[in-house]
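Read the structure below first, then the notes.
Predicted, not measured: the structure shown is a model, and the values here were computed from it.
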Amino acid sequence: MKFAVLQFPGSNCDQDCLRAVRDVMGQPARMVWHKEETLEPDETIIVPGGFSYGDYLRCGAIARFSPIMHAVKKAAANGQTIIGICNGFQILCEAGLLPGALVRNRDMHFICETVTLRVDNSRTKITAHMHDGELLQIPIAHGEGNYTVDQDTLKEMESYGQVIFRYVDENGEAIEAANPNGSVSNIAGVCNREGNVFGMMPHPERAAEILLGSDNGKKLFDSLLSNH
């Protein structure tokens, strides 16, 4: 499987993503600068975390207009797999490739900690090596990770299995105390209805090796490879 890791001015998780897929998973991968205009049709695209364009305006609001995003939209329409992590999730929402939006954390503070996620849909390309209800330990680091969506859209998302991950406690319960940023329904990760565009605030690339404290994030990359 070939990977393309996008790189915007202000990206700071691009190298982490590149290491995860190239060095840990052993897959061919390349960096793609935001001013490029093409992507290869057989590439899995990662939109990494960071602070694209300094997070001016809203997070991801400027990056959505980068030349490379025209290619990303075309790739999405053609069924290529696209994964947005943290700022990448924000960019995909701003670009209209995923429903909802990411706004300021409930407590208005930047959060950097390890959270517990529950897998709510194991029938996707990024959760195929997991089971429903499985708990993962993966870090977050964001100031605008509060996922918001209107109730009608949320109901549609639930019916189509688009909610993939939720923030939960150690018992797997999606309670308010386990919600780090105020996201509606404790949502931590979603996909589009077609099941080829994914977004999540937690950083699986920062939990792809046990030396990082957890290798739970590697399961997402294992899942991707099992679908190849």
Side-chain angles (χ1 to χ4, degrees), residues 6-14 16-17 34 46-66 68-69 72-73 82-118 120 126 136-158 162-169 173-192 197-207 217 220:
L6 306 192
Q7 189 177 45
F8 300 90
S11 295
N12 68 1
C13 300
D14 42 3
D16 297 336
C17 289
H34 72 116
I46 298 179
V47 190
F51 305 92
S52 59
Y53 294 91
D55 275 351
Y56 293 116
L57 300 180
R58 298 180 307 278
C59 294
I62 300 177
R64 64 166 290 196
F65 293 108
S66 287
I68 194 59
M69 291 304 296
V72 172
K73 289 183 177 181
I82 301 168
I83 305 167
I85 302 170
C86 197
N87 187 224
F89 185 9
Q90 296 162 341
I91 293 170
L92 294 180
C93 286
E94 290 286 338
L97 293 174
L98 287 172
L102 285 307
V103 299
R104 289 290 296 171
N105 293 342
R106 173 187 53 214
D107 298 328
M108 304 299 287
H109 296 298
F110 187 90
I111 305 170
C112 184
E113 61 186 40
T114 296
V115 297
T116 302
L117 302 182
R118 185 182 71 205
D120 277 8
I126 65 170
L136 307 174
Q137 298 292 316
I138 298 182
I140 58 173
H142 58 251
E144 297 188 23
N146 184 350
Y147 183 75
T148 181
V149 67
D150 66 85
Q151 287 301 307
D152 288 340
T153 302
L154 178 58
K155 288 179 181 178
E156 289 183 6
M157 292 173 65
E158 296 279 13
Q162 292 176 248
V163 178
I164 303 175
F165 300 115
R166 279 188 166 91
Y167 301 109
V168 297
D169 65 11
E173 299 296 326
I175 61 174
E176 182 65 20
N179 190 336
N181 50 39
S183 291
V184 63
S185 195
N186 283 51
I187 291 174
V190 304
C191 68
N192 65 344
V197 180
F198 303 89
M200 60 187 298
M201 288 310 296
H203 288 268
E205 79 282 5
R206 296 186 183 179
L220 279 82

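When the ring pair (Phe, Tyr, Trp, His ring centres under 6.0 Å) test is applied to Phe198, no partner is found at least two apart in sequence or on another chain. For Ser66, the side chain to side chain contact (heavy atoms under 4.5 Å, CB included) criterion is met by Phe8, His34, Tyr53, Ile68, Met69, not counting sequence neighbours. Scanning for side-chain hydrogen bond (donor to acceptor under 3.5 Å, both in side chains) contacts around Asn179 gives Asn186, with sequence neighbours left out. In this structure, the salt bridge (Lys or Arg N to Asp or Glu O under 4.0 Å) partners of Glu158, at least two apart in sequence or on a different chain, are Arg166. In this structure, Glu113 has no salt bridge (Lys or Arg N to Asp or Glu O under 4.0 Å) partners at least two apart in sequence or on a different chain. Applying the side chain to side chain contact (heavy atoms under 4.5 Å, CB included) rule to Asn105 yields the partners Ile111, His142, Asn181; only residues at least two apart in sequence or on another chain are considered. By the side chain to side chain contact (heavy atoms under 4.5 Å, CB included) test, Phe110 is found to be paired with Phe51, Cys112, Ala141, residues two or more places apart in sequence or in another chain being considered. Residues that satisfy the side-chain hydrogen bond (donor to acceptor under 3.5 Å, both in side chains) test with Glu173, not counting sequence neighbours, are absent from this structure. Partners of Thr153 by side chain to side chain contact (heavy atoms under 4.5 Å, CB included), not counting sequence neighbours, listed by chain and number: Pro99, Val149, Asp150, Met157. For Asp16, the side-chain hydrogen bond (donor to acceptor under 3.5 Å, both in side chains) criterion is met by no residue, not counting sequence neighbours.
Under a 3.5 Å cut-off, the side chain of Ser52 and the backbone N or O of Ile62 do not form any donor-acceptor pair. Of the possible donor and acceptor atoms, none in the side chain of Glu144 sits under 3.5 Å from a partner among the backbone N and O of Val103.
The CE atom of Met200 lies 13.5 Å from the CD1 atom of Ile187; values are rounded to the nearest 0.5 Å. For the atom pair Ile126 CD1 and Leu220 CG, the distance stands at 5.0 Å (nearest 0.5 Å).
For residues 93-109, the salt bridge (charged side-chain N to carboxylate O under 4.0 Å, His left out) pairs, not counting sequence neighbours, are Arg58-Glu94, Arg106-Glu176.
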